[in-house]
Amino acid sequence: MNNISLDDLIRKVEKYNPEAVPMVMKAYQVADSLHYGQFRQSGEPYITHPLNVAYILADLHADQDTLCAGLLHDTLEDTKVTKEELTNLFNPEVAKLVDGVTKISKMPYYTKAELNNANTRKIITSVMDDVRIIIIKLADRLHNMRTLEYKSEFKQKENSLETLTIFAPFAYYIGAYRIKSELEDISLKYLNPDKYKEIEEIKIKTEHDSEKCLKEMLQTIQSLLEFENIPNEIKIRTKNIYGIYKRLEEGHKISDIHDLLSLKIMVDRIKNCYIALGMIHSQYHPINDKFKDYIYNPKTNMYRSIHTTVFGPEERLVQTQIRTFDMDRVASFGLTAYWEIKKGAAREEMQKELSEKLQFYKSLKDIDESLTDDEFVLKVQEEVFSDKIYVYTPKGEIKELPKGSTVIDFAYAIHSDIGNNMEKVIVNNEEVPFDYVLKTKDRVKIVTNMNSLGPNEEWLDIVKTTRAKKKIKEYKKENN
Ligand code: MN
């Protein structure tokens, strides 16, 4: 995989976007001559790095400007070329993307003390401007992580930590699961090699032990679907090593991780997802509380699928995931799936999805523009990059909130009127005080009353989110 040639890249691009080939060739030539005489720590000519980055992007079916920016992504930082020259050689879009990526690479992400917060803020805003910048940066980081063996041990650990705290979460927020999983696994391998090896062995053993059972189920389900003429593809999917590691860290036993192995069942359309679900439940006994419908109730990062855990052969518990082919592309590639699904309209569609559907974008937008740079960056770390909890509305919709959020945060996340008119709160059928801290899976119902007392000063100390604080202050201003 590391010996990608220009030919490999061109052949890949030709398959899905032949018109892009001449410009991609030109970008390669420009990058190659600008980086001439520079080498990577591995001893290879520097151009192998941008070439691999472009190849990862081509795998995602990236558009022409993104591919070119991938090839040129280190030229502004490491060579004499200027943004104006890139604009003249290519176009303003390519120059803007390269410039955006360059700014991110200068970000000293987690060393708070010396953080250049003004710059960090610029970067976060630029991501909101054009999501392709972060996608190129993720491809860049992925290739750097794949070739981390050539760096010093200190650099390996430092980069891995940075990847886990910043890049893997970003990949998750845009739904790019494959990139997220690979980034996490490589990071763990460098940060905790013993643990990594131990889990890897357990995983191989579990895969081996369950192979017969899963294959038998796969064939049964496949023939049932084929009997009904439903186009399908079924795959065995394993959890990534870091995913298992996190569950073990939380105190779970390996035998309790019921989705360590699962069957991924893909069909052509939504209607057939439910037909497949019926077939599976009639064939294998389901466990009631492990059933989830993320098709009509998607996760906050656009993930859609039906999950159901059933008793397979030999009474083994098996999780099945049922979804359409398009949903599967989104499940693996997130926002970047739009390059394939929406083709020419992808650019607008991605930005639209980002701003309308993705929770992390909304949280970013809520953060007050009048904050100082230091405060802004601190807020982003607290609210956007922090751990999350997931709770349900009375209608069963999922809401994502930062860990430590109270029922008041929840109320304001739904609507400011609900927060302002809160009278009592029911969590899992029991009334709770307003400072109740929510946990994942809580079902929350807010009872409102137009004559409620409304928010008071103390609420400001209880709430966690910027949105809630802002709305409470607004209410105070209007009602004084
Ligand atoms: Mn790079």
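Note: hydrogens, waters and symmetry copies are ignored here, and every other heavy atom, side chains too, is used. From a predicted model like this one, the values you see are computed outputs, not experimental measurements. Counting starts at 1 for both ligands and their atoms, following the listed order.
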Ring centres of Y245 and Y242 under 6.0 Å apart?
yes
Can you tell which of Y16, W339, F333 makes a ring-ring contact (aromatic ring centres under 6.0 Å, His included) with H61?
Y16
Can you tell whether the side chains of K203 and E200 come within less than 4.0 Å, N to carboxylate O?
no
Polar protein atoms (N, O or S) that approach the Mn ion (ligand 1) to under 2.8 Å
H49 NE2, H73 NE2, D74 OD2, D140 OD1
Using the ring-ring contact (aromatic ring centres under 6.0 Å, His included) criterion, which residues pair with Y172? Sequence neighbours excluded.
Y177
Ring center gap for H73 and H49 short of 6.0 angstrom
yes
Any salt bridge between E211 and K215, counting N to O under 4.0 Å?
yes
